[in-house]
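So that the names make sense, note that chain A is the first sequence line, chain B the second, and so on, each numbered from 1.
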Amino acid sequence: MSAETNQRQDGPDGDYDAEAVEKKWQEHWVEHDTYAYDGDPEMDPNTVYSIDTPPPTVSGNLHMGHMYGQALQDFAARFHRMADEDVLFPFGYDDNGIASERLTEQELGIRHQDFSRREFQEKCREVCREYEAEFTEKMQGLGISIDWNRTYKTISPEVQRISQLSFLDLYEQGREYRKQAPAIWCPDCETAISQVEQEDAERHTHFNDVRFDLAEPTESGRDSFVIGTTRPELLPACVAVFVHPEDDENRELIGKEAEVPLFGHTVPIIEDDRVDLETGTGVVMCCTFGDQNDIEWYQAHDLPLRVAIDESATMTDLAGDYEGMSTTEAREAISEDLDEAGHLVDREEHTHTVQVHERCETDVEFRVSEQWYVEILDHKEEYLEAGREMDWYPEKMFTRYEHWIEGLEWDWLISRQRDSGIPFPVWYCEDCGQEVMADREALPVDPLADDPPVDACPECGGEAFEPEDDVFDTWATSSLTPLINAGWDPESIGEGELAAGDLDNPELYPFDLRPQAHDIISFWLFHTVVKCYEHTGDVPFDTVMIHGHVLDENREKMSKSKGNIVAPEEVVDEYPVDAIRYWAASSAVGDDFPYHDKDIVAGEKLLRKLWNASKLVDQLTPAEAAEPDELDPIDEWLLAKLDAVVAETTEQFQEYEFAKARDNLRTFFWNTFCDDYLEIAKSRETESTAYALRTAHRTFCQLFAPLLPHVTEELWSEMHDGGSVHRTDWPEPRGYEADLEAGETAMETVSALRKYKTDHQLALNEELDAVSVYGNVAGMEDAVAEVMHVRNLDVLDAEPETTTEITSVDLDYSTVGPQYGETVGDIDAAIESGEFEIEDGTLHVAGEELGSDLFEIERERTYSGEGEMIETESAIVIVRN
RNA sequence: GGGCUUGUGGUCUAGUUGGUCAUGACGCGGCCUUUACAAGGCCGAGAUCAGCGGUUCAACUCCGCUCAAGCCCA
C-alpha cells in the first residue's frame with residue numbers, strides 16, 4: 001500500500017483543467033507507486049486479482065488497438081483493486097524476434113547478416129531500449145494502473161532462462177522432436193515461419209501454358225499435353241505430373257512418362273483425385289515445392305526431392321543454366337526460353353493471391369529443413385477441455401478457439417533461423433548426431449558461445465559438437481507470460497505439473513484474467529494454453545476477455561496502405577484521457593467498433609458536468625456531514641436509488657460489462673443526481689440533504705473511478721479525505737428503503753411542471769400560484785414545491801373532477817396470448833374498431849370475456865375545472881396560475 | 001471457398017428466457033440565465049430494427065436464404 005496521504009484541499013474551483021490535472025496525477029501515481037503489487041506469496045489466491053497482460057511488440061508505435069485494449073484491462077484492474085485486496089497489473093515488452101530485428105535494421109540502416117549474432121543482438125537491445133522508454137512514457141500518459149516495478153522484456157536473461165527451461169521441460173516430457181520436413185519458409189528473412197505468420201497478398205503475374213512431350217505416345221497416338229503454371233521456374237523441380245482418375249480426356253496419360261521441357265528429365269504421370277478438374281488443363285505438375293498440395297503428393301506418393309530453389313530463393317545447380325538467378329529472374333528467363341523452344345503454348349496476364357510473410361511481405365516458399373516441433377495434435381482434446389474450463393467474455397469467442405483446435409493439421413514449428421532471439425539450448429554430436437541438452441542450472445545458454453555440458457557424446461563418445469544456431473519462435477516465449485509473471489523456475493523438469501516452490505508468486509497462478517484481441521486467439525491464447533498446460537497441468541486462466549478491433553470511421557480496418565490510421569498521440573493531444581476512456585467503454589466487449597472523435601465529446605461533457613456538479617455539492621455542504629437520525633424522504637429516496645446503482649454497477653464490472661456500467665452510472669449521475677435531485681437540494685439546506693449529497697458524491701466518485709481515474713482522483717483529493725480514491729474500498733449498498741414509487745411520482749410532477757413552464761414560455765424560476773397533485777408523493781411535497789417555486793401545493797385525496805372517455809384497451813398479451821391463441825387477432829380487431837364493452841371490470845369483446853387482470857383501460861380525461869391539468873404516468877397535476 | 005461474428009433514427013449504441021408505445025448519446029429544430037454547468041436545462045422531430053421467406057396468437061428477438069462489413073482459416 002502506498003504511503004501517500006492526501007490532505008483535503010479547498011474544494012473544486014473554476015473550470016476543470018483536464019490537461020493539468022491528468023498530468024499531475026499520472027506523475028503522482030508513478031512516483032508514489034500507487035498501483036504497486038505487494039507480492040506476498042503467502043497471500044490467499046482468492047484475494048489476489050492477477051492479469052496476464054499482452055506484451056506489445058516493440059515497433060515504436062502505439063496504436064488505437066493498444067489504447068483500447070489497455071483501457072479495458074485497466075477498467076478491470078481498477079475495479080478489482082477496489083473490490084478485492086490486491087491486483088497484479090504488470091507490463092511486458094516483446095522485444096524478441098523478427099519485428100525488433102527489422103526495427104533495428106531500419107533504425108540503424110544496417111543488415112543483420114553483416115554482424116555476429118551477439119553484436120547484432122546488442123544493437124537490437126540498444127534500439128529497443130529507446131523505444132521501450134518512449135512506449136513507457138506513452139503508456140503512463142494514458143493513466144493505466146500498471147505496476148511499473150513489475151515489467152519484463154522477452155529478451156531479458158530471466159525470460160531467456162524461462163524459455164529454455166520450457167524447451168527442456170517439454171523435451172524431457174517427450175513432447176518435442178526434431179524432424180526434416182517441409183516448412184513454410186521466408187527467403188528474405190531466411191527462416192522457417194509458422195502457418196500463422198503468413199498473410200494474403202495480391203500479385204500480378206502470368207499464367208503460362210507449357211507443353212510437355214510424352215516419352216512415348218499413347219495408344220491413341222497422343223504425344224504431348226499442356227499444363228498451366230504461374231511458376232515456370234519450378235520446372236527443374238518437377239518430380240511428377242498428376243491427372244484425375246475421372247478425367248476422360250487425360251486418363252490415357254496415366255502410367256506414361258513425360259519429359260520436362262528445357263530440363264530434359266522424365267517424370268511419371270500419376271492419378272490422384274486431388275487434381276482440381278475445374279481449373280486449368282486438368283493436368284498438373286508436382287514440384288519440390290510449389291504449394292501445400294505438392295507436399296501432400298510428395299508424402300502420399302513417396303516422390304523424390306528435387307530442390308531447385310535454395311534458402312534465399314536462388315536457383316540451385318539443378319536449374320542448370322539458370323543456377324544463381326533469383327526465382328523471379330528465372331521465371332522470366334525460363335518462360336522466354338520455353339517460348340523459343342516452342343513449348344510455350346499460351347501466356348496471359350493473371351492476378352492471384354499468394355501467401356507472403358507478414359513481417360516483410362516476401363512470397364513464401366516451402367522448404368525441407370531440420371526443424372524443431374512441439375507435438376500438439378495428440379492433445380487436441382485436452383486443449384479443448386482447457387478452453388471449456390475458462391470463462392469467456394464474450395462467450396461466443398470460445399467457438400473460435402474450438403474451431404481453431406479442431407482444424408489443426410500440423411504440429412507447432414518452434415525453430416527460427418534468426419540472429420536475434422532466444423537460442424535453443426542444444427548441441428549435436430558431430431559423429432552420431434545425438435542431441436545434447438544444456439543443464440538446467442546453466443540456463444540461459446547460447447550454444448554458439450557456450451560449451452556443451454559434456455566432454456564426450458553419451459551415445460558414441462565423440463568429442464566434437466555442433467551448436468544449434470536456431471532461435472525460438474517468438475510465440476514460444478510470449479506463450480509463457482503467465483509463468484514469467486509468476487516467476488517460474490522449477491527444481492525438476494519433465495514432470496508436467498507444478499511442484500511447491502516452482503513459482504516465486506504461486507498466489508498469482510492461474511491468472512484471473514487474460515485480456516486480448518480476437519485476432520490472436522489462435523496465436524497467443526492457444527499457445528499459452530498449450531505451454532502452461534503442459535508445464536503445470538493447469539489451465540492458466542480463470543477468465544479470458546476478448547476485445548474487438550478499433551475500425552476507422554467507415555467501419556473499415558485501419559491500415560497503413562489505406563492511410564486511415566488514427567494515431568493515439570493525436571487523440572491524446574486533443575482530448576482528455578478520461579474522455580477517451582469513456583469512449584473506450586462505449587461498446588460491448590468483443591465487438592469491433594468505429595472510431596469517431598465526436599464520440600469522445602460525450603466524455604468531455606461528462607467530465608465538465610462532474611466537475612461543475614461537484615463544485616455545487618462542495619458549496620452546499622460542509623466537509624463532514626454526519627448522518628442524521630432521521631432522513632427526509634427525498635434524501636432517503638436519493639440514497640435508495642444510489643444503493644441500487646451500486647449493486648448494479650458492481651455486478652456489471654464483475655461481468656466485464658463496462659458499457660452497461662458506464663451508461664448506468666451516467667444516467668444516475670446526470671439525470672437522477674443532477675437533473676432531479678441536485679436541483680431540489682439547492683434549496684434545502686438541511687443536515688439530511690447535506691448528508692445525502694456528500695454520501696452520493698463520495699459514492700459515485702468511487703463508482704466512476706475505474707472509468708475516469710483522473711477526474712475522480714482530483715475530486716477525491718479536493719473533497720474527501722484518505723489518500724487515493726483508487727485504493728479505497730469499493731462501495732456497498734447501505735440498505736436504504738425508501739418509497740421509490742413516491743419518488744418517481746414526485747419527479748414526474750416536477751417534470752410536468754417544467755413542461756408547463758416551457759409550454760407557457762415561463763422561466764423555470766417563475767413562481768406558480770397553486771398546484772394540486774393527485775398521486776403518491778409521500779413526504780416530498782415540500783421538495784417539489786420548493787424546486788418549482790410553487791406558493792401553494794396540495795395533495796388531493798380523490799381524483800379531480802374530470803370527464804373520462806375510454807379510448808382504448810391495452811391487453812396483457814403475455815397472458816392473453818397463450819390463453820386465447822388464434823382469437824387474439826379477432827380481439828385486437830374488435831378493440832381497434834371500438835366494438836367492446838366493459839362491465840363490472842370484465843371486458844366483453846369478440847364473443848369472449850376477459851377478466852380485469854388481462855387488460856388495462858386507456859382513458860382520455862377532460863378537465864373542466866379551474867386551471868390546467870397535466871397527466872403523468874402515475875399522477876395528475878393541476879396548475880392554477 | 002469454409003468457420004465465427006456484426007448489421008437497430010443522419011451517426012454511434014442498449015435491448016436479459018419471443019409479449020405489441022424499441023434505450024441512450026451525438027447531431028437537428030423550438031423554448032428557457034433555476035444557487036454549478038448555455039460546452040447547461042426543458043420540450044420536440046427523426047427507425048418499415050440490412051433484405052426476403054418461415055415458425056408462432058405474437059418476431060428486433062427463434063430458423064433458413066440473400067446482401068454488406070470484420071476477424072480467422074483454406
Is the shortest side-chain N/O distance from A:Lys396 to OP1 or OP2 of B:U6 below 4.0 Å?
yes
Is the positively charged end of A:Arg388 above the ring of A:Phe398, judged by distance under 6.0 angstrom from the centroid and angle within 45° of the axis?
no
Nearest-neighbour nucleotide for the A:Ala613 side chain, B:U13, B:C72, B:A36 considered:
B:A36
A:Asp591 has its side chain closest, among B:C4, B:C73, B:U6, to B:U6
Can you tell me how far the CZ atom of A:Phe668 sits from the OH atom of A:Tyr677, to the nearest 0.5 Å?
10.0 Å
Given Watson-Crick and G-U pairs under 3.5 Å, RNA chain B in dot-bracket ([ ] crossing, | other strand) is (((((((..(((......[....))).(((((.......))))).....(((((..]....)))))))))))).
Verify whether the ring centers belonging to A:Tyr756 and A:His760 lie closer than 6.0 Å.
yes
Once you apply a heavy-atom cut-off of 4.0 Å, does A:Ser751 come out as touching a base, just sugar-phosphate, or nothing?
sugar-phosphate
Closest approach to the side chain of A:His403, judged atom by atom: which nucleotide of B:C4, B:C72, B:G40 is it?
B:C4
Roughly, in whole Å, what's the span from CG in A:Leu607 to C1' in B:A36?
16 Å
Would you kindly give the OH-to-P distance between A:Tyr820 and B:G19, to the nearest whole Å?
21 Å
Look at the aromatic rings of A:His527 and A:Trp475 and report parallel, tilted or perpendicular, splitting at 30° and 60°.
tilted
Closest to the side chain of A:His549, out of B:A36, B:C72, B:C71, is B:C71
Does the separation of the ring centres of A:Trp583 and A:Phe593 fall below 6.0 angstrom?
yes
Give me the distance, rounded to whole Å, that separates B:U61 from B:U55 when you measure between the C1' atoms they each carry.
14 Å
Is the shortest distance from a Lys or Arg side-chain nitrogen in A:Arg694 or A:Asp618 to a carboxylate oxygen in the other one below 4.0 Å?
yes
Against the side chain of A:Leu764, the closest entry in B:C72, B:U35, B:G41 is B:G41
State whether the distance check finds a donor on one side and an acceptor on the other, under 3.5 Å, for side chain A:Glu679 versus base B:A36.
yes
Sequence-distant partners of A:Lys755, side-chain hydrogen bond (donor to acceptor under 3.5 Å, both in side chains), two or more places apart:
none
From the list B:A36, B:C71, B:A14, which nucleotide is the closest neighbour of the side chain of A:Ala588?
B:A14
Phosphate-side-chain proximity, A:Asn765 and B:U34, N/O vs OP1/OP2 below 4.0 Å:
yes
Between A:Asp592 (CG) and B:U6 (P), how many Å, whole number?
11 Å
Contact class for A:Asp675 (heavy atom, under 4.0 Å): base, sugar-phosphate, or nothing?
sugar-phosphate
Looking at the side chain of A:Arg400, which of B:C72, B:G19, B:G70 is the nearest nucleotide?
B:G70
Short N-O contact, A:Arg231 and A:Glu365, less than 4.0 angstrom
yes
With a 4.0 Å cut-off on heavy atoms, is A:Glu685 in touch with a base, just the backbone sugar-phosphate, or nothing at all?
base
Contact class for A:Lys615 (heavy atom, under 4.0 Å): base, sugar-phosphate, or nothing?
sugar-phosphate
Hey, is the side chain of A:Lys660 poking within less than 4.0 Å of OP1 or OP2 on B:U16, counting only N and O atoms?
no
Just call it for A:His789: base, sugar-phosphate, or nothing, with non-hydrogen atoms closer than 4.0 Å on any strand.
nothing
Contact class for A:Pro594 vs. all strands (heavy atom < 4.0 Å): base, sugar-phosphate, or nothing?
sugar-phosphate
Among the candidates B:C12, B:C71, B:G3, find the nucleotide nearest to the side-chain atoms of A:His596.
B:C12
Once the angle between the rings of A:Tyr656 and A:Phe658 is folded into 0 to 90°, is it parallel (under 30°), tilted (30 to 60°) or perpendicular (over 60°)?
perpendicular
Does A:Ala659 reach a base, just sugar-phosphate, or nothing at all? Heavy atoms under 4.0 Å.
nothing
Over-ring placement of A:Arg608 relative to A:Trp611, 6.0 Å and 45° cut-offs:
no
Please classify the nucleic acid contact of A:Glu822 as base, sugar-phosphate, or nothing, using heavy-atom distances under 4.0 Å.
sugar-phosphate
With rounding to the closest Å, how many angstrom separate the C1' atoms on B:A45 and B:G2?
47 Å
Separation between the P atoms of B:G27 and B:A68, rounded to whole Å
34 Å
Which whole number of Å gives the distance between the P atom of B:G46 and that of B:G9?
15 Å
For nucleotides 20-29 of chain B, give me one character per nucleotide, 5' to 3': B if any protein heavy atom sits under 4.0 Å from the base, S if the only such contacts are to the sugar-phosphate, - if neither.
B----SSS--
Quickly work out the A:Leu408 CG to B:G3 P distance and round it to whole Å.
18 Å
Angle class for the A:Phe289/A:Tyr298 ring planes (parallel below 30°, perpendicular above 60°, tilted otherwise)?
perpendicular
